[in-house]
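See structure below.
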Amino acid sequence: MDPAPDLSVHLGWLMLLIIVAWLFACAMISLMGGWHRLAAKFRSDSAINGEEIRFASMTIGTGLFPARYRRVLFVTVEPTGVGLSVIFPYRLLHPPLFIPWSAVESAQRERSWLVNHVAVNIRGFEKRLFFRGAAGKKILEAFNANAGVT
């Protein structure tokens with residue numbers, strides 16, 4: 001009679017597979033969604049002082065596969081721009097960003113599919129960023145007040 005298989009070995013492989021799949025998904029969201037392209041221009045490793053909105057939501061792009069960041073974003077709004085970062089489990093290929101107001105073409109309220117959001121257009125970036133709730137409101141207020149500040 002064969003001895004019973006060691007379940008801990010199978011669980012170990014399963015956990016490894018889940019971790020690899022998670023990291024792959026985070027990387028693909030960054031690469032395909034556009035965060036990685038934004039990071040090439042707006043990566044920021046310095047601390048950003050301003051009003052922080054925790055666990056905010058944002059969508060990059062539209063169409064079939066927009067990159068959705070639901071309640072995983074920290075948005076910091078200050079007079080010179082806006083900082084974006086994601087919570088730890090999503091950080092692979094998602095470095096913190098700081099987008100100065102001088103790089104923002106426009107920010108305006110929009111409504112689609114019965115949802116109100118603030119659409120942000122960044123110069124040289126083909127996709128729009130959509131923010132909901134308090135983050136969208138603060139970004140719109142700060143953009144309107146500080147758009148001429150560099």
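Heads up: numbering here begins at 1 and tracks the sequence.
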Could you pull out all donor-acceptor pairs under 3.5 Å where a side-chain atom in residues 123-130 meets a protein atom, sequence neighbours excluded?
from, atom 1, to, atom 2, distance (Å)
Arg123, NH1, Ser102, O, 2.5
Arg123, NH1, Val104, O, 3.3
Glu126, OE2, Arg37, NE, 3.3
Glu126, OE2, Arg37, NH2, 2.8
Lys127, NZ, Met32, O, 2.8
Lys127, NZ, Gly33, O, 3.3
Arg128, NH1, Glu110, OE2, 2.7
Arg128, NH2, Glu110, OE1, 3.0

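- Inter-residue side-chain proximity for Val115 and Arg132 is flagged as met; some heavy-atom pair is nearer than 4.5 Å.
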When the side chains of residues 18-29 are checked against the rest of the protein, which donor-acceptor pairs come out under 3.5 Å, sequence neighbours left out?
from, atom 1, to, atom 2, distance (Å)
Trp22, NE1, Pro89, O, 2.7

Starting from the C-alpha separation in whole Å, work towards a yes-or-no answer on side chain to side chain contact (heavy atoms under 4.5 Å, CB included) for Leu140 and Phe131. CA-CA 10 Å; Leu140 184 60; Phe131 295 89; over 6 Å; no

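- Taking the side chain as every heavy atom from C-beta outward, Pro100 and Thr80 never approach each other to under 4.5 Å.
- For the pairing with Thr59, the side-chain contact (heavy atoms from CB on, under 4.5 Å) check across Arg70, His117, Arg68 returns one residue only, Arg68.
- The side-chain contact (heavy atoms from CB on, under 4.5 Å) search around Ala142 returns Val77, Trp101, Asn146, not counting sequence neighbours.
- In this structure, the side chain to side chain donor-acceptor pair (under 3.5 Å) partners of Ser106, at least two apart in sequence or on a different chain, are Gln108, Asn121.
- Residues Leu84 and Trp35 have side chains in contact (heavy-atom distance under 4.5 Å, counting atoms from C-beta outward).
- Residues satisfying the side chain to side chain donor-acceptor pair (under 3.5 Å) criterion with Arg91, sequence neighbours excluded, are absent altogether.
- Using modelled atom types, no side-chain atom of His36 and backbone atom of Gly34 make a donor-acceptor pair closer than 3.5 Å.
- Contacts of Tyr90 classified as side chain to side chain donor-acceptor pair (under 3.5 Å), with partners at least two apart in sequence or in another chain: none.
- Not one N or O on the side chain of Ser30 forms a donor-acceptor pair closer than 3.5 Å with the backbone of His94.
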